[in-house]
K.L.:
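Provided herewith is a single structure, encoded as structure tokens, for subsequent inquiry.
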Amino acid sequence: METVVIYRENCIACGACIAYCPYGALIPDEEGKPILLWDRCNDDFACVFVCPVAAIRRASQAERLPLVPWYKLSREDANAELRKWLRSLRRGLMASLQ
């Protein structure tokens, strides 16, 4: 499972990613910026392709971890899986910097 990384600090809150996600994995926050429902993402990447400012990237193409949290869970039972994925993402980013 790759999912996406959202650089919310770069987001312009246009809503394109939210509208194009076929799984309902993106929801707007109070500013209209997307939050990823991590356990709903199915690696479709439609959101990546429609973002006009490249604020959403495939995790494998992330250059760094976002400054602002970009995800939450719709189901608490996915918490262990999310933590495992975040650890692997951090390790991958650290390895790419060396």
Side-chain angles (χ1 to χ4, degrees):
M1 176 187 235
E2 184 175 3
T3 73
V4 296
V5 173
I6 302 172
Y7 296 103
R8 291 169 35 95
E9 63 273 14
N10 298 339
C11 178
I12 59 172
C14 69
C17 59
I18 296 167
Y20 277 88
C21 180
Y23 303 104
L26 295 167
I27 58 171
D29 69 359
E30 61 280 347
E31 297 174 0
K33 295 183 178 188
I35 296 284
L36 175 70
L37 296 175
W38 185 83
D39 49 318
R40 287 192 186 171
C41 184
N42 286 308
D43 300 342
D44 176 81
F45 304 117
C47 57
V48 173
F49 301 117
V50 301
C51 182
V53 294
I56 303 178
R57 307 251 175 99
R58 290 175 182 240
S60 62
Q61 298 172 340
E63 299 163 357
R64 60 179 171 77
L65 285 177
L67 301 174
V68 181
W70 75 96
Y71 61 86
K72 69 180 189 176
L73 293 170
S74 64
R75 299 181 348 260
E76 281 300 316
D77 62 335
N79 205 6
E81 188 179 348
L82 170 64
R83 288 176 201 254
K84 181 180 174 184
W85 181 79
L86 285 170
R87 282 192 301 273
S88 70
L89 178 61
R90 283 188 187 102
R91 279 194 301 272
L93 289 171
M94 294 303 287
S96 70
L97 295 175
Q98 297 176 349

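All values below come from the heavy atoms of this structure, side chains included, with hydrogens, waters and symmetry mates left out. Quick caveat, the model's predicted, so the values are computed rather than measured.
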K.L.:
Spell out, as yes or no, whether a donor-acceptor pair under 3.5 Å connects the side chain of Asn42 to the backbone of Asp44.
P.N.:
no

K.L.:
Between Ala59 and Glu2, which heavy-atom pair has the shortest distance, and what is it?
P.N.:
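What the structure gives for the nearest pair is CB-O, 3.3 Å.
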
K.L.:
Kindly determine whether Arg64 and Glu9 satisfy salt bridge (Lys or Arg N to Asp or Glu O under 4.0 Å), including the steps that lead there.
P.N.:
CA-CA 13 Å; Arg64 60 179 171 77; Glu9 63 273 14; 3.0 Å; yes

K.L.:
Within the side chain of Asp39, is there an N or O that forms a donor-acceptor pair under 3.5 Å with the backbone of Arg75?
P.N.:
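Yes; judged by distance alone, with no hydrogens or angles, the pair exists.
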
K.L.:
Leu89 vs Thr3, test: side chain to side chain contact (heavy atoms under 4.5 Å, CB included). Steps then yes/no.
P.N.:
CA-CA 11 Å; Leu89 178 61; Thr3 73; over 6 Å; no

K.L.:
Please go through Ile12's hydrophobic cluster and name the other residues, only I, L, V, M, F, W, Y counting, with side-chain heavy atoms under 4.5 Å joining them.
P.N.:
Val53

K.L.:
Listing request: all salt bridge (charged side-chain N to carboxylate O under 4.0 Å, His left out) pairs with a residue in residues 11-23, at least two apart in sequence or in separate chains.
P.N.:
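Applying salt bridge (charged side-chain N to carboxylate O under 4.0 Å, His left out) to every pair that reaches into residues 11-23, excluding sequence neighbours, yields nothing.
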
K.L.:
First locate atom SG of Cys47, then atom OH of Tyr20, and finally report the distance between them rounded to the nearest 0.5 Å.
P.N.:
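Taking SG in Cys47 and OH in Tyr20, the distance rounds to 12.5 Å.
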
K.L.:
Can you tell me how far the NZ atom of Lys72 sits from the CG atom of Leu82, to the nearest 0.5 Å?
P.N.:
13.0 Å

K.L.:
Do side-chain atoms of Arg57 reach the backbone of Val4 as a donor and acceptor pair under 3.5 angstrom?
P.N.:
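Not at all, since once roles are kept as given, no pair shorter than 3.5 Å links the two residues.
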
K.L.:
How far does CD1 of Ile56 sit from CD1 of Ile6, to the nearest 0.5 angstrom?
P.N.:
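Rounded to the nearest 0.5 Å, the CD1-CD1 separation comes to 4.5 Å.
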
K.L.:
To the nearest 0.5 Å, tell me how far Asn79 CG sits from Glu76 CD.
P.N.:
5.5 Å

K.L.:
Rounded to the nearest 0.5 Å, what separation is found between the CG atom of Leu36 and the CG atom of Leu26?
P.N.:
5.5 Å

K.L.:
Please report the closest heavy-atom contact between Val5 and Ala62, naming both atoms and the distance.
P.N.:
CG2-CB, 4.1 Å

K.L.:
Can you get from Leu86 to Leu65 by hopping between Ile, Leu, Val, Met, Phe, Trp and Tyr side chains that sit under 4.5 Å apart?
P.N.:
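Yes, because Leu86 and Leu65 connect within a single hydrophobic cluster, where side-chain heavy atoms sit under 4.5 Å apart.
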
K.L.:
Starting from Leu73, can I reach Ile35 by hopping between I/L/V/M/F/W/Y residues whose side chains sit under 4.5 Å apart?
P.N.:
no

K.L.:
Restricting to side chain to side chain contact (heavy atoms under 4.5 Å, CB included), what partner residues turn up for Ala13, sequence neighbours left out?
P.N.:
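Result, side chain to side chain contact (heavy atoms under 4.5 Å, CB included) vs Ala13: Lys33.
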
K.L.:
Does the side chain of Cys14 reach to within under 4.5 Å of the side chain of Pro52, using non-hydrogen atoms?
P.N.:
yes

K.L.:
Trp70 and Val50: same hydrophobic cluster, using ILVMFWY side-chain contacts below 4.5 Å?
P.N.:
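Unlinked, Trp70 and Val50 end up in two clusters.
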
K.L.:
Tell me the closest heavy-atom pair linking Cys51 and Ala55, and the distance in Å.
P.N.:
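Scanning both residues, the minimum pair turns out to be SG-N, 3.2 Å.
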
K.L.:
Which value, rounded to the nearest 0.5 Å, describes the distance between Lys84 atom NZ and Glu81 atom CD?
P.N.:
8.0 Å

K.L.:
Which label fits Trp38 and Trp85: parallel for a plane angle under 30°, tilted from 30 to 60°, or perpendicular past 60°?
P.N.:
tilted

K.L.:
Can Glu63 and Leu93 be said to form a side chain to side chain contact (heavy atoms under 4.5 Å, CB included), step by step?
P.N.:
CA-CA 7 Å; Glu63 299 163 357; Leu93 289 171; 5.9 Å; no

K.L.:
Does Arg58 pair with Asp43 as a salt bridge, N-O distance under 4.0 Å?
P.N.:
no

